[in-house]
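Scroll down for the structure; my scribbles are underneath it.
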Amino acid sequence: MSWVNRALKSPIGAKVMMAVTGIMLTGFLIGHLAGNLLIFAGPEAINSYAEGLRKFPALLWLARGGLLGAFIAHLAFAAQVTLANRAARPEPYAFNNTVQATWASRHMVLTGCVMLAFIVFHLAHFTWRVTDPQISAMGEFDVYQMALRGFRQPPVAMAYLLAMAAIGLHLSHGIASLFQTLGLNHPRYNRGVRFIGPVVGVGIALLFASIPLSIYLGYVN
Amino acid sequence: MKLKLHVWRQKNKSAKGAMVTYDADNISPNMSFLEMLDVVNEGLSNTGEAPIAFDHDCREGICGSCSLMVNGVAHGPQDATTTCQLHMRSFQDGEELYIEPWRAKGFPVLRDLIVDRSAFDRIIQAGGFISVNTGAAQDANAIPVRKLDADEAFNASACIGCGACVAACKNASAMLFVSAKVGQLSLLPQGQPERQERVLNMMSQMQEEGFGNCTNQYECEAVCPKQISSDYIARLNREFISATLAHPNTRK
Ligand code: HEM
Ligand code: FES
């Protein structure tokens with residue numbers, strides 16, 4: 001399988017893996033978002049959805065395993081690509097300039113690291129429930145109360161909003177970028193693709209952000 | 001015009017370089033950027049200082065010899081223009097300019113503003129050609145080529161190999177260069193027999209030379225004097241993916 005090894009170490013192969021794992025992670029985000037938005041339908045809706053997820057433990061663990069694998073692969077290839085890119089220009093320019101690269105595209109590592117830190121915090125907060133004794137004391141499936149308790153605290157709400165900004169930026173470059181990486185490019189569709197990245201990326205971030213925001217502002221209680 | 005120049009000076013490949021400041025006086029707005037440097041060099045020669053070394057040849061925008069980062073932009077501020085075709089009227093009187101060599105691990109500085117671009121030659125040698133047994137040239141119309149393909153191949157073939165794409169890329173990647181060379185041949189019938197090994201070999205040579213990975217920021221196409229589009233990079237990705245999956249072991 002040396003050709004696999006060679007392909008994964010090549011610049012395009014590594015980027016293709018980032019694109020494929022990026023698609024998986026984005027797919028998860030969209031599913032997760034759809035579930036979370038049930039909070040606006042009231043406590044029964046979201047709590048029974050959360051309980052429903054646990055009804056198929058085998059499927060749940062399969063999904064978790066796949067997600068973790070995709071996540072680790074995404075990080076590993078991100079590290080490989082980033083290190084190679086830093087090494088490719090040992091001497092920096094005295095006068096640095098940018099013609100058209102977007103801010104989001106130049107800060108993928110920064111927004112990625114914010115997301116990584118957030119994911120650890122988010123799991124500790126709502127999955128392992130170790131950051132807040134009041135949440136630890138709640139019943140297993142009272143997601144609704146858990147969210148209310150969490151997002152009424154200004155620092156927690158702020159942390160979530162910051163993470164959503166990072167997701168919006170990461171995806172606004174990432175989604176447009178993955179089409180190019182996979183070679184899915186045609187003059188007829190290119191303008192649409194470069195437009196879709198920011199729209200879908202920022203859209204996902206705004207919809208996610210609407211949850212802590214509306215709880216913090218008291219629209220959901 | 002009068003200008004203040006900050007220029008990278010470096011004696012040889014192993015010497016440590018530094019930015020040195022010079023005043024450029026009596027510059028005509030109708031001079032090209034290289035002629036402006038010629039004037040500065042004449043002044044330096046008169047005072048016994050070593051002139052600033054920079055690459056140039058045709059001075060008409062076709063050979064790809066000239067280079068230079070001017071205020072952080074490859075070939076200076078004018079779109080679709082090589083440094084030799086850039087005129088001083090693009091600048092303001094009294095402006096301060098930072099003039100640096102291309103910066104990339106694959107392009108080591110030889111002296112002052114001159115870098116060694118033979119890495120590009122080695123990438124071409126790895127696959128940027130078609131193997132044809134010698135004989136009389138075939139009639140040009142003997143092999144039909146779709147007009148769209150001919151146009152696209154022609155646009156890619158406009159690449160003069162100057163290296164601006166590498167210099168401008170935040171990752172010092174040579175993907176726009178490789179994509180133009182792979183693109184022009186993969187679009188034409190003559191390029192088909194070696195299509196798969198070409199893309200695999202050229203990409204692995206690019207990596208060996210120490211160039212970075214494309215992260216789709218498109219700084220390259222923005223500075224390319226021949227306006228090669230980053231669409232060729234998507235085509236390169238496509239060629240690489242299909243060659244890897246279909247013929248993984250055709251590589252040398
Ligand atoms: C939920 C988590 C994440 C999602 C949905 C996601 C999504 C994506 C997508 C779709 C791409 C585009 C791939 C391409 O250009 O072909 C990408 C690229 C990238 N991601 Fe992530 N990512 C996530 C987490 C992270 C994390 C934690 C890091 C941490 C370092 C990271 C670093 C990067 C880098 C460096 C790139 C390359 C950017 C480029 O090539 O332009 N990502 N990501
Ligand atoms: S000197 Fe030939 S392209 Fe500028």
Side-chain angles (χ1 to χ4, degrees), chain A residues 1-16 18-20 77-78 80-109 173-174 176-187 189-190 193-194 197, chain B residues 6 8 17-19 69-74 97-101 103-106 109 166-175 199-200 203-204 206-207 210-219 221-223 229-242 244-245 247-249 251:
Chain A
M1 290 299 262
S2 77
W3 68 272
V4 174
N5 197 13
R6 202 160 54 215
L8 295 183
K9 286 200 175 123
S10 73
I12 299 176
K15 283 299 306 280
V16 166
M18 296 189 63
V20 170
F77 286 108
Q80 176 186 319
V81 165
T82 305
L83 290 177
N85 289 350
R86 301 249 156 104
R89 173 157 301 130
E91 179 106 37
Y93 287 110
F95 193 116
N96 240 317
N97 211 334
T98 294
V99 186
Q100 64 175 10
T102 59
W103 194 92
S105 77
R106 288 181 287 122
H107 295 85
M108 291 300 273
V109 174
H173 174 68
S177 174
L178 72 88
F179 283 90
Q180 173 85 359
T181 301
L182 297 177
L184 301 174
N185 173 296
H186 189 282
Y189 307 112
N190 285 345
V193 164
R194 290 192 188 179
Chain B
H6 304 275
W8 182 261
M19 298 299 281
M69 285 309 257
V70 182
N71 287 353
V73 180
L97 302 179
Y98 286 76
I99 307 174
E100 300 176 73
R103 292 280 187 210
K105 182 157 177 254
V109 174
V166 171
C169 175
K170 306 282 179 202
N171 314 312
S173 175
M175 294 260 292
V199 62
L200 297 178
M203 278 308 294
S204 67
M206 180 194 105
Q207 193 178 10
F211 296 109
N213 311 265
C214 175
T215 56
N216 304 333
Q217 299 178 317
Y218 313 132
E219 285 291 282
E221 74 173 9
V223 301
S229 158
S230 59
D231 292 351
Y232 289 99
I233 297 183
R235 177 181 288 282
L236 170 69
N237 292 339
R238 211 152 62 221
E239 293 283 326
F240 182 89
I241 294 168
S242 69
T244 297
L245 295 179
H247 296 275
N249 293 315
R251 189 176 159 281

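Every value quoted in this text rests on a predicted model; they were computed, and no experiment measured them.
When side chains are defined from C-beta on, Cys214(B) does not count as touching Lys15(A), because their heavy atoms never get closer than 4.5 Å.
In this structure, chain B has no heavy atom under 4.5 Å from any part of Thr102(A). Neither the backbone nor the side chain of Arg235(B) comes within contact range of chain A, judged by heavy atoms closer than 4.5 Å. For a residue to count as touching a neighbouring chain, one of its non-hydrogen atoms must lie under 4.5 Å from one of that chain's; by this rule Ile241(B) touches chain A with the side chain only. Within the 4.5 angstrom heavy-atom criterion, no atom of Arg86(A) approaches chain B. If you measure heavy-atom distances from Ala87(A) to chain B, the contacts under 4.5 Å come from the backbone alone. Using a 4.5 Å cut-off between heavy atoms, Ser230(B) touches chain A through backbone and side chain atoms alike. Residue contact with chain A, scored on non-hydrogen atoms closer than 4.5 Å, is absent for Val70(B).
Of the residues considered (Lys105(B), Glu219(B), Arg238(B)), Glu219(B) shows the highest number of contacts with chain A, using heavy-atom pairs under 4.5 Å. Counting heavy-atom pairs closer than 4.5 Å to chain B, the top residue among Gly13(A), Ala14(A), Ser177(A), Ala84(A) is Ser177(A). Chosen from Ala88(A), Ala7(A), Pro92(A), the residue pairing most often with chain B at heavy-atom distances under 4.5 Å is Ala88(A).
The ring pair (Phe, Tyr, Trp, His ring centres under 6.0 Å) test applied to Phe95(A) returns Tyr98(B), not counting sequence neighbours.
In the model, Lys170(B) has a side-chain atom that pairs as donor or acceptor with a side-chain atom of Thr98(A) under 3.5 Å.
For the pair Leu8(A) and Phe77(A), the tightest heavy-atom approach, listed with the atom from each and the gap, is O-CE2, 3.7 Å.
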Is there a side chain to side chain contact (heavy atoms under 4.5 Å, CB included) between Asn171(B) and Arg89(A)? Walk through the geometry before answering. CA-CA 7 Å; Asn171(B) 314 312; Arg89(A) 173 157 301 130; over 6 Å; no
Could you walk me through whether Val81(A) and Met18(A) pass the side chain to side chain contact (heavy atoms under 4.5 Å, CB included) test, one step at a time? CA-CA 10 Å; Val81(A) 165; Met18(A) 296 189 63; 4.1 Å; yes
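Aromatic ring orientation, His186(A) versus Tyr189(A): tilted (interplanar angle from 30° to 60°).
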